[in-house]
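Scroll down for the structure; my scribbles are underneath it.
Atoms within a ligand are numbered from 1 in the order they appear, just like the ligands themselves. FYI, side chains are in, hydrogens and waters are out, and symmetry mates aren't considered; it's all heavy atoms of this structure.
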Amino acid sequence: MVTLDLLVIIFSLIFGSFFNVVAIRLLKKESISYPPSHCTTCSHRLGALDLVPVFSYIFLRGRCRYCKDKISPSYPLGEGFTAVTIFIVYKEIGITPELIPALILSILLILAVLTDIREKLILDIITIPCLIILLIVRIFIGEEPFLTYLIGGLTGFVVLLLIAVISKGGMGGGDIKLYAVIGVALGPLLTIMSLVIASFFGAVVGIVLLTLKIVKRREPIAFGPFIFVGTLLAYLYGNHIWNWYSSLIF
Ligand SMILES: [Zn+2]
């Protein structure tokens, strides 16, 4: 099992490196496959050694091997973030059919965080294909009947749409569509829990950032990272959270 764990970590680091490229290039509306990976300062094409996730960054002390310009720490951070996420999901779900929808959801959430943090955008070109694939997967895989997941998708979409209308744009279109996918993955009840947790963390962090004057009032903050936290907590630990919560109030 240790070998398998190690393989999962290595592959998810490589995937993380790919997701960085996907996020950056799709935001710039560039092709994902062309041109090959290059330094953004000197345009030198990167060799295999430069592309080893996390380690090449540490080994090269965060600088390009050719022009010595600084490489953004967002690269190794994105790689580490992907690896940690996928490893936790794989460990919690185990090698079961549910791992397939779990990984689709995780990949979407990771990409949503990577684009939302950079440009405050969650891209349809990523969300919509994930929605279609996950709907098909949910016909075959899931503890609940397909209809429950379908209702979940509608719940996520409608609730977020209502929040967007009531808050007059406090929630972006990207968030609304993302929650449709989350609904299909989680079903209606855990989707609501995910939103409650996301809003709670969003409010706490928002207040801290305002108090420390890191952001200004009315300045939008990316909600993607909070959706990420809320959704994975609800999806992986929803039952535990519910039991703990009910023991507090009953
Ligand atoms: Zn360079």
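The number of heavy atoms from other shown groups lying within 6.0 Å of OH (Y90) is above 12. Within 6.0 Å of CD1 in I32 there are more than 12 heavy atoms belonging to other residues, nucleotides or ligands. Residue N239 qualifies as open at atom CG: its count of foreign heavy atoms under 6.0 Å is 12 or below.
Side-chain contact, Y237 with E92: a donor N or O sits under 3.5 Å from an acceptor N or O.
Rounding to the nearest 0.5 Å gives a distance of 10.0 Å between OG1 of T231 and CG of L236.
Between H44 and Y66, the ring-plane angle classifies as parallel under the 30° and 60° cut-offs.
The tally of protein N/O/S atoms under 2.8 Å from the Zn ion (ligand 1) stands at 4.
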